[in-house]
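We're numbering straight along the sequence, starting at 1.
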Amino acid sequence: MSRVLIAGGGIAGTITAIALHEVGHEPVLFEAYDRTAEGVGAFLTLAVNGLDALAPFGLKDLVKRLGFDTPRMSIGLGDGKRRAEFPLGGPLPDGTVSQTVRRSDLYVALRDEAARRGVRTEFGRRLTDASQTSAEVTAVFADGSSESGDLLIGADGLRSTVRRILDPAAPAPRYVPLLNTGGFTTAVRLDDESGVMHMVFGRKVFFAHVVHPDGSVWWFANVPRATEPTPSSPVPSAAEWRAELLDLVRGDRTRAAEIIGATEHLYAPWPTYDFPSLPVWHRGRIGIIGDAAHATSPAAGQGASMAIEDAVTLAQCLRDVAPAAALSTFEALRRSRVEAVVAQGKRNGDDKSPGFFGRVVRDFFIRRTIRNAGGEDPNAFMWNHRIDWAAPVSV
């Protein structure tokens, strides 16, 4: 049994802890925020490859109880016409399809499930440094305390401290020139079938919405922004941000303006980043997973699923391979796949910020592609991936 220190109590870290606990290791989660740090974030759609990876741990049904079926997506342009509908990846053999869920609901459920299974979680423990010997690794926290174990796994996200410890020269995340926002509203009633994700490549903004089975409308928007925001960048007020969004969608013949106008709380804009390729994933007894190693643009629809796949694959490696070789085996199994997903996410995102002439070309090719539908889906490799949990892993 190995004692595995995990920095970061988000999706990647918590599922890693659950999976390692199930195979007999002693994971310890260290979350920088206190236990009440919940209710943050909008929503995500968890793809079928991620859901399938959860099945061996009894977590797939937990996610399905939190979310709602999202089996299809429709594609449209700013002219108001829905050009086509496509499956959103599924279904799995048991009928499971992609699930849309509030991020905070997923966080709380996973946190509580980890506690129920006996996983130790330390809240308010912000990792600041780490050192290692041939026998152990020691994590140091902001309060001056420390913990030792056999491995340290950084599941601490885009601005990972563990990544900086591993490689002070690691490249910074790449800014993808899009801002994200979204919200929920019950003040608009649409005739759309619930669970169908309606995506519109508008003239100035990409807008998507889905109707929850209870009739509420969940939506997000990607706003092109060439200049990367910085900590000193001015932050628009809620009224200014709403006015900007309404101006951006005004030229499109869609329900976007009505939905935005009826949303009481708009999420403040946040920038998009990814990692095309990160040179160092591990050294000795310290490694990184999830967004810390390979953040992908939301345009891939795979951020949470990649985190889940990482967690399950790492647990396989630590089940079947000695700790000294587990991290290198994990990288060998995961690197090529996640880098392909990041690249596809970048391609998908580029269609959302093309500029005027690029938009004309984009819309032409979208129309032509839809007319000639039936070819290979460039996103299929992401959804069709399956992890065989029962299969042994070797170095």
Beyond-backbone contact of Ile259 with Leu190, side-chain heavy atoms, under 4.5 angstrom: yes
Distance in Å, Ser233 OG paired with Glu228 CD, rounded so as to fall on 0.5 Å steps: 8.5 Å
Separation between OG1 of Thr227 and CZ of Arg225, rounded to the nearest 0.5 Å: 8.5 Å
Pro71 vs Leu88 side-chain heavy atoms within contact, under 4.5 Å: no
Distance, nearest 0.5 Å, that separates CG of Leu318 from OG1 of Thr313: 11.5 Å
Closest non-hydrogen atom pair between Trp218 and His212, with its separation: CZ2-CD2, 3.4 Å
4.5 Å side-chain heavy-atom contact, Val223 and Pro269: no
Leu127 side chain reached by Leu5 side chain, heavy atoms, under 4.5 Å: no
NZ or CZ of Arg159 within 45° of Tyr273 ring axis and under 6.0 Å: yes
Note, Leu46 side chain near Leu54 side chain (heavy atom, < 4.5 Å): yes
Expected output: side-chain Glu331 to main-chain Val280 donor-acceptor under 3.5 Å: no
Steps toward side-chain hydrogen bond (donor to acceptor under 3.5 Å, both in side chains) verdict (Asp192, His209): CA-CA 10 Å; Asp192 300 334; His209 76 270; 2.7 Å; yes
For the student: nearest non-hydrogen atoms of Met199 and Ala208, plus distance: CG-CB, 4.0 Å
Any donor-acceptor N/O pair, Arg103 side chain to Leu44 backbone, under 3.5 Å: no
Spatial distance of atom CZ (Phe275) from atom CD (Glu339) [nearest 0.5 Å]: 12.0 Å
pair Val97-Gln99: side-chain heavy atoms closer than 4.5 Å: yes
Minimum heavy-atom distance between Leu248 and Lys204, given as atom pair plus value: O-CB, 3.6 Å
Minimum heavy-atom distance between Ala17 and Pro27, given as atom pair plus value: O-CG, 3.2 Å
Approximate separation, where rounding is to 0.5 Å, of Ile6 CD1 and Leu29 CG: 5.0 Å
Side-chain touch His198/Phe207, heavy atoms, less than 4.5 angstrom: no
Lys NZ or Arg CZ of Arg117 over Phe57 ring: under 6.0 Å, within 45°: no
Side-chain donor or acceptor of Arg126 paired with backbone N/O of Ala142 under 3.5 Å: no
Aromatic plane relationship, Phe206 with Phe201 - under 30° parallel, 30 to 60° tilted, over 60° perpendicular: perpendicular
Ring center gap for Phe220 and Tyr267 short of 6.0 angstrom: no
Nearest-0.5 Å distance, OH of residue Tyr175 to OG1 of residue Thr272: 7.0 Å
Minimal non-hydrogen separation, Thr329 against Val393, with atom names: CG2-CG1, 3.6 Å
Flag side-chain contact, heavy atom, 4.5 Å: Ile18 against His21: no
Shortest non-hydrogen contact between Ser98 and Leu51, atoms and distance: CA-CD1, 4.1 Å
Row check, Tyr33 ring normal vs Arg125 NZ/CZ: under 6.0 Å, within 45°: no
Exam field: side chain Ser74 to backbone Glu85, donor-acceptor pair closer than 3.5 Å: no
